Number of protein chains: 2
Amino acid sequence: MNGGLDAVLRLVRAQAVLVKRFDASLGGLHGVSLADFTLLLRLSEAPGDRMRRVDLAEALGLTASGVTRGLVPLERIGLVRRDPDARDARVAYAALTDTGRERLAEMRATAGRVAEEVFAEPAWTEEDTKLLAGLLGRLGGTGIAGQGPAGS
Amino acid sequence: MNGGLDAVLRLVRAQAVLVKRFDASLGGLHGVSLADFTLLLRLSEAPGDRMRRVDLAEALGLTASGVTRGLVPLERIGLVRRDPDARDARVAYAALTDTGRERLAEMRATAGRVAEEVFAEPAWTEEDTKLLAGLLGRLGGTGIAGQGPAGS
DNA sequence: GACATCTCCTTGACTGCTCAAGCATATGGG
DNA sequence: CCCATATGCTTGAGCAGTCAAGGAGATGTC
């Protein structure tokens, strides 16, 4: 029996469940998907709240075209602005607008609440959650620093 | 700081990476996606290697239409057969063919190998992998034995 | 300064799923 | 028996992503 394969299949399943749950809350309250939220969150972590679209793609694990398509609705509803680069006419930054920052704070609260619900359900301790995040960090390459649990 | 939200975002990221990796190997060697493989695996776990399509959907966390669409190519390449029910003309079983069983064994070997690669990379112990699987089982509700509340 | 080449980004065609609608069949109540 | 309702499945439209192709601008070489 291959425990790793089992873990992978469970991970895929868990992801589907979680994404549905977050999409429902974020969509209902703020009109955005979890993917939208993640994108905005990345932008908010960048200096000046803006990134080149190609770097955003890299950071999110998407292709450039995925980012182009994902940004369209966010620009339309005014959460993200398209910013040209003075030096290089090829690049267009995606930048968080003031509205985007405000709305993002609300979304973060919603997402945080959902996460608390998820990890409160049966018997999740703070330790468990951290442990899970650490293990997942080793798998995904989030771009954010994060190691696994210390080697006991 | 919400550690749960962090864990969720990492999980989503890890899933994307893993799915790409498995799709590449399974697609290259056997012409199927990870989703196809998961579907076949479920079938192989059912008594008689067959399930009603509606139950398959439930087991996979998909909708009925997702199953209908996913089965089309598998029927076309002869891994799955469509089996009517003698008692109820509405139901159509999805059943693994002999070819399907054979090919599935090969796919399982491939997937197992990829899983080993994934979990060998930096410093995954057997313990870590089991731990991860256990934590994920609490989140996802795999339908396979394991714990996890029925939830909403 | 002109050409080849590289980078950033967008677009068209496709895939794999969703939801909503619909068809066919089953089932229980008058 | 006949009708209302429930169930199993398929289909059309749409959405979010992919890849492949291509346009526009930058850059290095001679």
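Because only heavy atoms are used, hydrogens play no part in the values below, and waters and symmetry mates are left out as well, while side chains stay in. Every value quoted in this text rests on a predicted model; they were computed, and no experiment measured them. Chain identifiers are assigned alphabetically (A, B, ...) following the order of the sequence lines, protein sequences preceding nucleic acid strands; residue numbering begins at 1 within each chain.
- Not one side-chain nitrogen or oxygen of R90(A) sits closer than 4.0 Å to the OP1 or OP2 atom of dG22(D).
- Neither OP1 nor OP2 of dT7(D) sits under 4.0 Å from any side-chain N or O of R53(B).
- Of the candidates dG8(D), dC19(C), dC8(C), dG8(D) carries the atom nearest the R52(B) side chain, counting heavy atoms from C-beta on.
- L139(A) is listed as a side-chain neighbour of L132(B), based on a closest heavy-atom distance under 4.5 Å.
- One N or O donor and one acceptor, one from the side chain of R69(A) and one from the base of dG12(C), sit under 3.5 Å apart.
- A distance of 11.5 Å separates NE2 of H30(A) from CG of L40(A), quoted to the nearest 0.5 Å.
- For the pair L29(B) and R113(B), the minimum side-chain heavy-atom distance is below 4.5 Å.
- Atom-to-atom, CG of L62(B) to P of dC9(D) comes out at 14 Å; the value is rounded to the nearest Å.
- Whole-Å rounding puts the D88(B) CG to dT25(C) C1' distance at 7 Å.
- Atom pair F37(A):CZ and dA16(D):P shows a separation of 17 Å (rounding to whole Å applied).
- When rounded to the nearest whole Å, the span between CG of L56(A) and P of dT7(C) equals 19 Å.
- The residue A64(A) sits close to a base: some heavy atom pair falls under 4.0 Å.
- Heavy-atom distances to DNA chain C give each of K20(A) and V54(A) a nearest nucleotide, and the one nearer the 5′ end belongs to V54(A).
- When each of A35(A) and A86(A) is assigned the nucleotide of DNA chain D bearing its nearest heavy atom, the one mapping closer to the 5' terminus is A35(A).
- Considering only side-chain N and O atoms, T68(A) lies nowhere under 4.0 angstrom from the phosphate OP1 or OP2 of dC9(C).
- Whole-Å rounding puts the L71(B) CG to dC9(D) C1' distance at 11 Å.
- Summarising the geometry, the separation between CZ on R87(A) and C1' on dA24(D) is reported as 20 Å, rounded to the nearest angstrom.
- Annotation: the span from L39(A) atom CG to L34(A) atom CG amounts to 11.0 Å, rounded to 0.5 Å.
- Atom CD in E58(B) sits roughly 12 Å away from atom P in dG8(D) (whole-Å rounding).
- Of the charged side-chain nitrogens involved, none lies within less than 4.0 Å of a carboxylate oxygen, so that K20(A) and D23(A) do not count as a salt-bridged pair.
- Residue T63(A) has a polar side-chain atom (N or O) positioned under 4.0 Å from OP1 or OP2 of dT18(D).
- Taking atom CG on L74(A) and atom C1' on dC15(D), their separation rounds to 14 Å, with Å as the unit.
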